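I have placed the structure first, in the form of structure tokens, so that the comments after it can refer back to it.
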Amino acid sequence: MVSTRYPQWVELLRSSGCVFVRQGKGGHEIWRSPINGKIFCVPFTIKSKPTANAILKQAGLTSKI
């Protein structure tokens, strides 16, 4: 089983000012970024770094995991 980094994700998103909007379908959450105003989807389990970095890019964040 792959360990999840979900708690680290939530901390990173909240410290960047992102706001939880609502629960999505299945194992996803919907968040909003104050940086670019976009709404993006965050899964509970992210298994690859490229996927994680793509989500950060959607949120308007420049940091990488």
Side-chain angles (χ1 to χ4, degrees):
M1 178 183 239
V2 177
S3 64
T4 181
R5 293 184 178 155
Y6 180 75
Q8 295 170 348
W9 273 94
V10 172
E11 181 63 32
L12 177 64
L13 292 173
R14 287 193 176 142
S15 66
S16 301
C18 294
V19 179
F20 173 79
V21 176
R22 64 179 173 87
Q23 186 66 39
K25 286 189 173 185
H28 292 77
E29 291 181 341
I30 309 299
W31 289 72
R32 184 181 52 82
S33 172
I35 297 168
N36 56 15
K38 291 186 179 180
I39 294 176
F40 57 97
C41 185
V42 177
F44 289 128
T45 57
I46 299 173
K47 297 179 182 176
S48 69
K49 286 186 180 183
T51 302
N53 290 329
I55 293 170
L56 290 176
K57 187 175 179 180
Q58 289 176 358
L61 303 175
T62 58
S63 61
K64 291 188 176 185
I65 292 183

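Bear in mind the structure is a predicted one, so any value in this text is a computation, not a measurement.
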Starting from Ile30, walk the hydrophobic network (Ile, Leu, Val, Met, Phe, Trp, Tyr; side-chain heavy atoms closer than 4.5 Å) and list everyone else you reach, by chain and number. Val21, Ile39

Minimum heavy-atom distance Phe44-Glu29, with the two atoms named: CE2-OE2, 3.4 Å

So which atom in Phe20 and which in Trp31 form the shortest heavy-atom distance, rounded to 0.1 Å? N-CE3, 3.5 Å

For Thr51, all residues meeting side-chain hydrogen bond (donor to acceptor under 3.5 Å, both in side chains), sequence neighbours excluded: Ser48

Suppose we screen for side-chain hydrogen bond (donor to acceptor under 3.5 Å, both in side chains). Which residues come up paired with Ser15, at least two apart in sequence or across chains?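 If we apply the side-chain hydrogen bond (donor to acceptor under 3.5 Å, both in side chains) test to Ser15, skipping adjacent residues, there are no hits.
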
In chain order, what residues pass the side chain to side chain contact (heavy atoms under 4.5 Å, CB included) check against Val19, with sequence neighbours excluded?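 Scan of Val19 (side chain to side chain contact (heavy atoms under 4.5 Å, CB included), adjacent residues dropped) gives Arg32.
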
Within the distance-only criterion (no hydrogens, no angle test), does the side chain of Ser33 pair as donor or acceptor with the backbone N or O of Ile35 below 3.5 angstrom?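 Looks like yes, one N/O pair under 3.5 Å.
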
Less than 4.5 Å apart, side chain to side chain, heavy atoms only: is that true for Pro43 and Ile55?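 Side-chain contact under 4.5 Å: yes.
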
Report yes if the side chains of Phe40 and Leu13 come closer than 4.5 Å at any heavy-atom pair, otherwise no. yes

